[in-house]
Protein chains: 2
Amino acid sequence: MSIQEQHVDRPYTGVIERLKNAGLRPTRQRLALAKLLFDGDDRHITAETLHAEVMAANVRVSLATVYNALHQFTRSGLLREVVVDSSRAYFDTNTTGHHHFFDEDTGDLSDIPDGEISVSSLPGAPIGKVLSGVEVVVRVRSQQ
Amino acid sequence: MSIQEQHVDRPYTGVIERLKNAGLRPTRQRLALAKLLFDGDDRHITAETLHAEVMAANVRVSLATVYNALHQFTRSGLLREVVVDSSRAYFDTNTTGHHHFFDEDTGDLSDIPDGEISVSSLPGAPIGKVLSGVEVVVRVRSQQ
DNA sequence: AGTTAGTTTAGAGTTATTCTAATTTATATC
DNA sequence: GATATAAATTAGAATAACTCTAAACTAACT
Ligand SMILES: [Mn+2]
Ligand SMILES: [Mn+2]
Ligand SMILES: [Zn+2]
Ligand SMILES: [Zn+2]
């Protein structure tokens, strides 16, 4: 059975397992959200964009639930938050270490291809503190 | 005349010049804010912390004016915005390129000493876009 | 001193997000 | 399969960080 057939026959199995492993009940809402997030290429989303998508897919999910799910998914390591804008939160389905371009005009967040950037000689955390992440954001603007 | 005497005799002269050069009238409010910001070591502030400070210095300045000033100062290159938190804006009096530690527990922002970090092989901006800044944020947490 | 453009401000408005408490649902147990 | 219960969802209110508006004030020029 090919991967495609698997998707057609049991479209939710992968996502159900993923949620159960994270200790989250596979509810109708979480399944729809997880399918949009994890069934395909990695993506960068905000609560509003994900809410719009799930509504467009004809699944009624409240915005509160979208926020709840984003935080739960992040807490269980299925998502990672990327801070690039002081007025809204972005989430990334790629939780491995990588860095970002952020277009300040359009709000587009995109990955910097691996190898095209590297941070060298990381400093140790200040005394009494422990390292929790390193983020490089390359800010760009559309046009000149 | 020593630098200290200059400060005692004409405490605002430096800051007045700075504002005039930026095309901003040296009002009572902007002078008080600029003195707190630029008269001493470089610092990282938010609108709320700066407002609290200026009030503590017994200068009545509205929060709206603090926001206005922060943006005007940023636009004229006296300040730089540092994005580390998706719910509030931080400003830095050090406008030269340098990177930051951000304590996610306390909200403390501090500089990574120059030389302790370096970003190599910067990627070119995607086509149609122009580079506007590179920020490295090393996130830390208090304790374990 | 008079004029005016720039500045400040109170308070209302906005936006992203969180909270609350009532309803609904997934799952374990009978 | 029905029942119990903890977990999840939700509408709507609340919050927090700003931003806007339009009236009052002031710096700076004449
Ligand atoms: Mn994936
Ligand atoms: Mn300084
Ligand atoms: Zn990414
Ligand atoms: Zn700094």
Side-chain angles (χ1 to χ4, degrees), chain A residues 12-13 15-34 44-55 57-76 78-79 81-91 104 107 109, chain B residues 12-13 15-34 44-55 57-76 78-79 81-91 104 107 109:
Chain A
Y12 282 106
T13 41
V15 142
I16 287 175
E17 279 316 302
R18 218 191 257 247
L19 292 176
K20 282 189 173 166
N21 289 341
L24 299 169
R25 289 185 180 177
T27 62
R28 182 179 57 83
Q29 293 87 339
R30 290 208 276 232
L31 284 173
L33 294 171
H44 304 108
I45 49 101
T46 67
E48 292 288 342
T49 61
L50 183 59
H51 186 241
E53 280 189 22
V54 78
M55 297 297 274
N58 277 310
V59 184
R60 162 83 212 170
V61 182
S62 76
L63 193 52
T65 294
V66 172
Y67 277 105
N68 289 342
L70 287 174
H71 290 137
Q72 291 154 345
F73 292 1
T74 300
R75 233 179 294 122
S76 25
L78 300 178
L79 288 179
E81 189 180 346
V82 182
V83 179
V84 287
D85 186 317
S86 58
S87 77
R88 64 144 88 36
Y90 284 76
F91 296 86
E104 302 186 304
L109 187 62
Chain B
Y12 282 106
T13 41
V15 144
I16 288 175
E17 279 316 303
R18 219 191 258 247
L19 292 175
K20 281 188 174 164
N21 289 341
L24 299 169
R25 288 187 180 175
T27 62
R28 181 179 58 82
Q29 292 87 339
R30 290 208 276 233
L31 283 172
L33 295 171
H44 304 108
I45 49 100
T46 67
E48 293 288 343
T49 62
L50 183 59
H51 186 241
E53 281 190 21
V54 79
M55 298 296 274
N58 277 310
V59 184
R60 162 83 210 167
V61 182
S62 74
L63 193 53
T65 296
V66 172
Y67 278 106
N68 289 342
L70 286 174
H71 290 137
Q72 289 155 346
F73 292 0
T74 301
R75 234 178 294 121
S76 22
L78 301 178
L79 288 179
E81 190 179 345
V82 182
V83 179
V84 286
D85 186 317
S86 59
S87 78
R88 66 146 97 31
Y90 284 75
F91 295 86
E104 301 185 305
L109 187 62

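Since the model is a prediction, treat every value here as computed from it, not as a measurement. In what follows, chains carry the letters A, B, and so on, assigned in the order in which the sequence lines appear, proteins first and then strands, with residues in each chain numbered from 1.
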(request) For B:Phe91 and B:Leu50, run side-chain contact (heavy atoms from CB on, under 4.5 Å): C-alpha distance rounded to whole Å, both residues' side-chain angles, the deciding distance at 0.1 Å, then the answer. (result) CA-CA 10 Å; B:Phe91 295 86; B:Leu50 183 59; over 6 Å; no
(request) Among D:dT19, D:dA8, D:dA11, find the nucleotide with the atom closest to the side chain of B:His71. (result) D:dT19
(message) In the structure I gave you, are the side-chain heavy atoms of B:Arg88 and A:Ser86 within less than 4.5 Å of one another anywhere?
(response) no
(request) Could you check if a side-chain atom of B:Glu48 sits within less than 4.5 angstrom of a side-chain atom of B:Leu63, using non-hydrogen atoms only? (result) yes
(request) Please report, rounded to the nearest Å, how far the P atom of C:dA16 is from the CZ atom of A:Phe91. (result) 14 Å
(message) From C-beta outward on B:Arg60, which listed nucleotide comes closest to its side chain: D:dT10, D:dA28, C:dT9?
(response) C:dT9
(request) Name the closest nucleotide to the A:Ala47 side chain, picking from D:dA28, C:dT9, C:dT17. (result) C:dT17
(message) Strictly below 4.0 Å: does A:Thr65 bring a side-chain N or O up to OP1 or OP2 of D:dT10?
(response) yes
(message) With a 4.0 Å limit, can you tell me whether A:Arg25 has a side-chain N or O closer than that to the phosphate oxygens OP1/OP2 of D:dA6?
(response) no
(request) Determine the contact category for B:Ser87: base if any of its heavy atoms lies under 4.0 Å from a base atom, sugar-phosphate if only primed atoms, P, OP1 or OP2 are that close, otherwise nothing. (result) sugar-phosphate
(message) Measure CG/A:Leu63 against C1'/D:dT10 and give the value in whole Å, please.
(response) 11 Å
(message) Without decimals, in angstroms, what is the distance between A:Arg88 CZ and C:dT18 P?
(response) 14 Å
(request) Find the distance A:Asn68:CG to C:dA16:P and express it as a whole number of Å. (result) 18 Å
(request) Find the distance A:Lys20:NZ to D:dA8:C1' and express it as a whole number of Å. (result) 16 Å
(request) Tell me which nucleotide among C:dT9, D:dA28, D:dT9 gets nearest to the side chain of A:Gln29. (result) D:dT9
(request) May I ask you to test the B:Ser76-B:Leu24 pair for a side-chain heavy-atom distance under 4.5 Å? (result) yes
(message) From C-beta outward on B:Ala89, which listed nucleotide comes closest to its side chain: D:dC18, D:dT10, D:dA8?
(response) D:dC18
(message) Taking the minimum atom-to-atom distance to the side chain of A:Tyr67, which one of C:dT17, D:dA28, D:dG12 wins?
(response) C:dT17
(request) To the nearest Å, give me how far apart CG (A:Leu19) and C1' (D:dT9) are. (result) 15 Å
(message) If you compare every side-chain N and O of A:Arg30 against the phosphate oxygens of D:dA8 (OP1, OP2), does one of them come in below 4.0 Å?
(response) yes
(message) In this structure, how many angstroms lie between the P atom of D:dA7 and the CG atom of A:Leu31, rounded?
(response) 19 Å
(request) Report the C-alpha distance between A:Gln72 and A:Arg30 in whole Å, list the side-chain angles of each, state the deciding distance to 0.1 Å, and finish with yes or no for side-chain contact (heavy atoms from CB on, under 4.5 Å). (result) CA-CA 10 Å; A:Gln72 291 154 345; A:Arg30 290 208 276 232; 3.0 Å; yes
(request) Between C:dT17, C:dA26, C:dT8, spot the one nearest the side chain of A:Pro26, thanks. (result) C:dA26
(request) Measure the distance from CD on B:Glu48 to P on D:dA16 and round it to the nearest whole Å. (result) 10 Å
